[in-house]
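Structure provided below as structure tokens; questions to follow.
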Amino acid sequence: MQTFELIIRQPHRNNRKMTPKGMTGGNPMLALDHIIISAHNPEQAAQEFANKYGITVVQGSEHPNWGTYNYLAYFRNDCYIEWIGIADWAVANQSTNPLIQQLAGKLSNGTEGTIQYALRTDRMHAYIDHFHAQGIAYTGPFPGSRKRSDGQLLKWQMLFPSSESTENVWPFLIEWDDVKNTPPDENMINDQHISSLDAIINNPNEFAAIYQLPYTHQTARLENAELRFAEAWSFVLR
């Protein structure tokens with residue numbers, strides 16, 4: 001069972017704006033890179049979503065170092081949904097990657113659905129400097145890679161800010177290498193956009209300080225979507 005909700009909402013009209021102190025070198029724009037959905041059977045979960053909402057999903061690949069595999073749905077505003085599952089529990093349980101640890105914990109408890117999201121940057125080193133300067137704990141960067149179906153190698157780095165509260169699971173930062181994460185066939189990109197994501201964020205001011213994202217009435221503007229601070233997961237396809 002998927003635990004996200006696909007909805008359309010009217011825009012907020014509150015003009016109250018909170019702006020964090022900028023990091024050295026300016027305030028980089030972040031983009032929504034992808035939404036992560038845990039699934040015991042990623043292929044089935046992705047296909048059920050595709051059938052319900054009329055979108056195209058594609059097989060991703062395996063991640064041997066993490067014991068995981070995925071299915072993907074790409075959208076026109078340069079982001080995607082990832083349905084991820086575990087192929088090798090022995091490998092996954094030994095991973096030091098926080099996302100894989102989170103995934104294994106959720107699936108061990110029988111929890112399927114949206115669990116995390118990634119924010120894309122092209123200035124990860126600037127964020128590391130910012131974390132050091134502000135005393136923000138983090139883990140990583142973790143390197144990742146996979147081969148597309150056409151043999152093209154995709155490579156990326158993942159950086160995980162930490163929180164003192166167990167209630168906060170902050171999104172991770174991702175930076176892609178030279179090859180952009182797109183499907184080998186452009187026809188596999190869906191015409192819809194993920195226009196907004198409602199994410200569970202319990203401390204908006206801490207979030208804004210970590211990611212250097214100003215927000216207005218519980219909404220932060222990303223490069224390609226809106227991020228709304230909420231108490232439950234949901235996202236909007238348009």
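Quantities reported herein were computed from a predicted structural model and do not represent experimental measurements.
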| message | Parallel, tilted or perpendicular: which one describes the rings of His63 and Trp66, with boundaries at 30° and 60°? | response |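 Rings of His63 and Trp66: tilted, as their planes differ by 30° to 60°.
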| task | Return yes if a side-chain donor-acceptor contact under 3.5 Å exists between Gln47 and Glu43, otherwise no. | result |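 Per modelled atom types, Gln47 and Glu43 side chains form no pair under 3.5 Å.
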| task | Indicate whether any N or O donor in one side chain lies under 3.5 Å from an N or O acceptor in the other, for Tyr69 and Asp88. | result |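 The criterion, which ignores hydrogens and geometry beyond distance, is not satisfied for Asp88 and Tyr69.
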| said: Tell me every residue that passes side chain to side chain contact (heavy atoms under 4.5 Å, CB included) with Pro64, counting only those two or more places apart in sequence or in another chain. | reply: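 Pro64 satisfies side chain to side chain contact (heavy atoms under 4.5 Å, CB included) with no residue once adjacent residues are dropped.
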| Got a sec, which residues hit side chain to side chain contact (heavy atoms under 4.5 Å, CB included) with Asp78, two or more places apart in sequence or on another chain? |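 Arg120, Lys180.
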| message | Are Val179 and Trp156 packed together at the side-chain level, in the sense that at least one heavy-atom pair is separated by less than 4.5 angstrom? | response |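 They are not in side-chain contact.
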| said: Between Leu32 and Phe229, is there shared hydrophobic-cluster membership here, with clusters defined by ILVMFWY side-chain heavy atoms closer than 4.5 Å? | reply: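 Yes; tracing contacts between hydrophobic side chains, which count when under 4.5 Å, links both residues.
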| task | Treat each ILVMFWY residue as a node, draw an edge where side-chain heavy atoms are under 4.5 Å apart, and state whether Ile194 and Val57 are in one component. | result |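 Yes; Val57 is reachable from Ile194 via cluster members.
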| Just by modelled atom types, is the Gly113 backbone N or O under 3.5 Å from a matching donor or acceptor in the Ser38 side chain? |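 It does hold such a pair.
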| field | Expected output: side-chain Asp150 to main-chain Gln152 donor-acceptor under 3.5 Å | value |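 It does hold such a pair.
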| Going by atom types only, do Arg238 and Asn77 share a side-chain donor-acceptor pair under 3.5 Å? |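 Per modelled atom types, Arg238 and Asn77 side chains form no pair under 3.5 Å.
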| query | Can you name the residues that form a ring pair (Phe, Tyr, Trp, His ring centres under 6.0 Å) with His34, not counting sequence neighbours? | reply |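 Partners of His34 by the ring pair (Phe, Tyr, Trp, His ring centres under 6.0 Å) criterion, ordered by chain and then number, come out as Tyr80, Phe172.
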| request: Please say whether more than 12 non-hydrogen atoms of neighbouring residues, nucleotides or ligands are located less than 6.0 Å from NE2 in His40. | output: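 Count over threshold, so yes.
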| query | Can His130 and Tyr211 be counted as having a side-chain donor-acceptor contact under 3.5 angstrom? | reply |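 On atom types as modelled, these side chains do not qualify, holding no pair under 3.5 Å.
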| field | Results of ring pair (Phe, Tyr, Trp, His ring centres under 6.0 Å) for Tyr71 - residues two or more places apart only | value |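 Not a single residue meets the ring pair (Phe, Tyr, Trp, His ring centres under 6.0 Å) criterion with Tyr71.
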| query | Which residues pass the salt bridge (Lys or Arg N to Asp or Glu O under 4.0 Å) test with Asp191, sequence neighbours left out? | reply |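 Salt bridge (Lys or Arg N to Asp or Glu O under 4.0 Å) check on Asp191 returns Arg76.
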| task | Could you tell me how the ring of Trp233 sits relative to the ring of Tyr117: parallel (under 30°), tilted (30 to 60°) or perpendicular (over 60°)? | result |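 Taking Tyr117 first and then Trp233, their aromatic rings stand perpendicular (interplane angle over 60°).
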| task | Could you label the plane-to-plane angle of the Phe235 and Phe49 rings as parallel, tilted or perpendicular, counting under 30° as parallel and over 60° as perpendicular? | result |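 Tilted: the ring planes of Phe235 and Phe49 meet at 30° to 60°.
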| task | For Phe142, check ring pair (Phe, Tyr, Trp, His ring centres under 6.0 Å) against everything at least two apart and list the hits. | result |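 Partners of Phe142 under the ring pair (Phe, Tyr, Trp, His ring centres under 6.0 Å) test: Phe160.
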